[in-house]
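Following: one structure in structure tokens, then a few remarks.
Whatever order the structure lists ligands and atoms in, that order sets their numbers, starting from 1. All of these numbers come straight from a predicted model, not from anything done at the bench.
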Amino acid sequence: MRKLLNIFPSKNSIYALLASFLFALIFAGCRGGTSEKPPIHLNPNMDSQKKYKAQAHSNFFINSSTMRMPVAGTVARGDLRENAAFYTGKNTAGNEITSNALDITTALLARGEERYEIYCTPCHNSNGDGKGLIIEKGMLPPPNFMDDKVKNFTDGYIFGVISNGVRTMPSYRHQISVRDRWAIVAHLRKMQSAPKGE
Ligand code: HEC
């Protein structure tokens, strides 16, 4: 009989149950409410600090702009681009350079082929004939790299095409580093002199 009675909760456990119910109710009451104040943040850990954010308004600087221009005549470390031909594909006179800005090595060619397969193949095809995947998707076909027209382009011009895009071809300057662009140019030249599959 005693055992049977044990299934009824004791007084203490009823209190505990009631307390936790009340607790849940209080917290539930806070849900969905909006507040101008930041949420309770028990361990701030320097999470919020006074700082300027990019593009934000500034009361301190006279032109109200938080972002500052570099001091005139200075160059940030690593940004000195003395070698115009390497960075633009053009010499100081503004003419496209005729040969690659880098020495052609097997390592450079290997890198160029790898990058070409990643960035150019979808449109220009692995063998450079311009019959990449995009044609099936309705894009206008790119030119065949084996055409005399492309063969007669200077290396500097092709570097410029990758960097700036041309007509319907987008620019790849943000995806492909300057060095890798030259590596791709070297690979393209190699394809033209020894076409794949021939
Ligand atoms: C999204 C597709 C696409 C990708 C990716 C692409 N191209 Fe092109 N490319 C084109 C198209 C389309 C044209 C033809 C543009 C035109 O004449 O309107 C073209 C043209 C060219 C030309 C000829 C430019 C001229 O003046 O006739 C060269 C060279 C070239 N691409 C090189 C490359 C190289 C190298 C890569 C890889 C870094 C690459 N393209 C990546 C679509 C692409």
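Residues passing the ring-ring contact (aromatic ring centres under 6.0 Å, His included) test with Y172, sequence neighbours excluded: none. Residues that satisfy the salt bridge (charged side-chain N to carboxylate O under 4.0 Å, His left out) test with R115, not counting sequence neighbours, are absent from this structure.
When non-hydrogen atoms are compared, ligand 1 lies under 4.0 Å from the side chain of I176 (C-beta onward) but not from its backbone. If you look at K149 next to ligand 1, the close heavy atoms, those under 4.0 Å, all belong to the side chain.
The structure places CG of N63 at 8.0 Å from OG of S58, a figure rounded to the nearest 0.5 Å. One finds the CG atom of L18 at 14.0 Å from the CZ atom of F23 (value rounded to the nearest 0.5 Å).
The backbone N or O of I162 lies less than 3.5 Å from no partner atom in the side chain of R181, so there is not a single donor-acceptor pair. No donor-acceptor pair closer than 3.5 Å links the side chain of R179 to the backbone N or O of I176. Side chain of Q192 to main chain of F145: a donor-acceptor pair is present (N/O by atom type, distance under 3.5 Å, no hydrogens or angles). The backbone N or O of Y52 lies less than 3.5 Å from no partner atom in the side chain of T66, so there is not a single donor-acceptor pair.
At least one heavy atom of P143 sits under 4.0 Å from some atom of ligand 1. At least one heavy atom of F145 sits under 4.0 Å from some atom of ligand 1. Ligand 1 does not have R115 within reach: every non-hydrogen atom of the residue lies 4.0 Å or more from it.
Close contacts of ligand 1 with F153, meaning ligand atoms under 4.0 Å from a residue heavy atom, involve 23 (C), 24 (C), 25 (C), 26 (O), 27 (O). The atoms of ligand 1 that sit less than 4.0 Å from any heavy atom of L140 are 12 (C).
Looking at V150, I97, V166 one by one, the single match for side-chain contact (heavy atoms from CB on, under 4.5 Å) with Y157 turns out to be V166.
Listed by first and then second residue, the salt bridge (Lys or Arg N to Asp or Glu O under 4.0 Å) pairs involving residues 131-154 amount to none (not counting sequence neighbours).
Protein N/O/S atoms found under 2.8 Å from atom 8 (Fe) of ligand 1: H124 NE2, M169 SD.
Nearest protein heavy-atom neighbour of atom 12 (C) of ligand 1: T168 OG1, 3.5 Å. Taking atom 25 (C) of ligand 1 as the reference point, the nearest protein heavy-atom neighbour is R167 NH2, 3.4 Å.
Summarising the local packing, CG of N152 is surrounded by more than 12 heavy atoms from other residues, nucleotides or ligands at distances under 6.0 Å.
For atom 26 (O) of ligand 1, the choice among Y172, Y116, Y157 with the nearest heavy atom turns out to be Y157.
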